[in-house]
Q: 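Take this structure, written in structure tokens, and hold onto it; I'll ask about it next.
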There are 2 protein chains.
Amino acid sequence: MEERHRTRNPDATRRRILESAYQEVYRHGYQGTRLDDVLKATGLTKGALYHHFPNKQALGYAVVEDVIRGIISDIWRKPLEQAEDPLASIIHTIRHMDRLAGDQITTLGCPLNNLAQEMSPLDEGFRRRIDAVYQDWRAWLARALERGRAQGRIRADVDCEQVATFIVAALTGCIGIAKNAQSKEPLNHCGAGLISYLESLRA
Amino acid sequence: MEERHRTRNPDATRRRILESAYQEVYRHGYQGTRLDDVLKATGLTKGALYHHFPNKQALGYAVVEDVIRGIISDIWRKPLEQAEDPLASIIHTIRHMDRLAGDQITTLGCPLNNLAQEMSPLDEGFRRRIDAVYQDWRAWLARALERGRAQGRIRADVDCEQVATFIVAALTGCIGIAKNAQSKEPLNHCGAGLISYLESLRA
DNA sequence: TGGAAAACAAACCAGTTGGTATGTAAAATA
DNA sequence: TATTTTACATACCAACTGGTTTGTTTTCCA
């Protein structure tokens, strides 16, 4: 039986720090994130932070691996695995992106892409961890597309790996456009282009 | 007659600072850019910097308006205006992106997108200036597409504005993927998806 | 049950960084 | 030519920021 601690709960503390760090990084970027601000939102102090993480970099790495990866997974992995018509599922997710990913997607963009564009050229550790999430994301898409192709719903000549890469790229680009415009409209406007491309893959 | 000053040339000094600032911002982001580093590359000092720019923010704004805008214009504006077959011109530019935009495009990404993703949610002044460049870029593409449609080279049912937006988004996304992978391969791999979409617009 | 280890809090520190005050030589101007 | 203005250089500073040290209270375990 799991025992409930009222006064201390290190796992929950770690998660509180991580969640706050994620929000700060999402809003201000990694370099723009101040550890004092991360802590202010939790009510904790430096002692707690440096007990759970050796330094700011390790906290940033953990945000990628423990928070952002889970967010992408929630939106894409399960729906794709369970979908009867994979292509329809992909299109559905793109169409309802703002609802599925939260309002912040329009104003703050894709948290994975944000970190990728900021940190990939600066820190190889970040780059590798971010790339691992992208690889997972592409793999979930590619496997779903292959299933659709095996079902005969998708054209036989479609290169599923390439299409998966393009979907990730194009969708990321669309979200980025919406973020810069600070409006939902371009996300739908631009997503329509991606969807029309996807429709063209139908058998 | 333009007189050549050997000892002082404020316009050239301003441009040296701007060019160096562009490189630093391109490499480290705006928040990651240190004014001392910008100056180190020029051999100038704070006195020169703060004579030409009131503060770091104004320098950042000038990088968008005076440097990045020119780079995008060089790559897209003239080729599109002069192209006989606009769609072929677009595809050509995408195919030879690494040559046209320089090697840095693979390792450092799109300078406009970098700043957009970092600064749009943080600074309205940045956002507006970046958005103005995006609007120009889309307009150049949309006008070229309309010309192609009028020529009968592009399908009559194509929404040129929407396609232009999608091209910008998808290409930006492709460059971002290549940057995170730190390799040219995904740029071509991913650009192929965009090109196959563009081919489908042919009449 | 008592000592060790874990989980924090609080105060502090040194390096960094955008910005400023002051000085000075070259150009423009009157 | 005298004077003002421009175009910088130099030295300096206050605020910020990641990280450390020390102290205290729980929790674990032998």
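Computed from heavy atoms alone, side chains included, the values below leave out hydrogens, waters and symmetry copies. Proteins get letters first, then strands, A, B, ... in listed order; numbering begins at 1 in each.
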Q: Does either side chain, that of A/N114 or that of A/E118, offer a donor lying less than 3.5 Å from an acceptor on the other one?
A: no

Q: Please give, in whole Å, the distance from C/dA7 P to A/R15 CZ?
A: 14 Å

Q: Describe, in one word, how the ring planes of A/H92 and A/H96 are oriented to each other, choosing from parallel (under 30°), tilted (30 to 60°) and perpendicular (over 60°).
A: tilted

Q: Nearest-Å distance, CG (B/D36) to P (C/dT16)?
A: 11 Å

Q: Around atom CD of A/E146, are there more than 12 heavy atoms of other residues, nucleotides or ligands at under 6.0 Å?
A: yes

Q: With a 4.0 Å heavy-atom cut-off, tell me which residues in residues 17-30 of chain A come close to DNA chain C, sorted by residue number.
A: none

Q: How long is the line joining NZ of B/K40 and P of C/dG18, in whole Å?
A: 12 Å

Q: The side chain of B/K46 is closest to which nucleotide in this list: C/dC8, D/dA7, C/dG19?
A: C/dG19

Q: I want to verify a distance call: between C/dA7, C/dA25, D/dG19, whose nearest atom is closest to the A/P10 side chain?
A: C/dA7

Q: Looking across every strand, which nucleic acid part, if any, lies under 4.0 Å from B/T42 by heavy atom: base, sugar-phosphate, or nothing?
A: nothing

Q: Just by distance, with hydrogens left out, do B/Y61 and B/D123 show a side-chain donor and acceptor under 3.5 Å apart?
A: yes

Q: Rounding to a whole Å, what distance do you find between B/L35:CG and D/dC12:P?
A: 20 Å

Q: Of all of residues 47-60 of chain A, which get a heavy atom below 4.0 angstrom from DNA chain D, listed by number?
A: A/Y50, A/N55, A/K56

Q: Determine, using ring centers only, whether B/F126 and B/Y30 are less than 6.0 Å apart.
A: yes

Q: Taking atom C1' of D/dT27 as reference, at what distance in whole Å does atom CG of A/D11 sit?
A: 14 Å

Q: State whether the side chain of A/S120 and the backbone N or O of A/Q117 hold a donor-acceptor pair below 3.5 Å, judged by distance alone.
A: no

Q: Is B/T13 near enough to D/dC8 that one of its side-chain N or O atoms lies under 4.0 angstrom from OP1 or OP2?
A: yes

Q: Pick one: which of B/I195, B/L194, B/L201, B/L141 meets side chain to side chain contact (heavy atoms under 4.5 Å, CB included) with B/I90?
A: B/L141

Q: Side-chain donor or acceptor of B/R34 under 3.5 Å from a matching atom on the base of C/dT16?
A: no

Q: Measure from the ring center of A/Y197 to the ring center of A/F166 and say whether it is less than 6.0 Å.
A: yes

Q: Do B/E185 and B/H189 pair up side chain to side chain, a donor and an acceptor below 3.5 Å, judged on atom types alone?
A: no

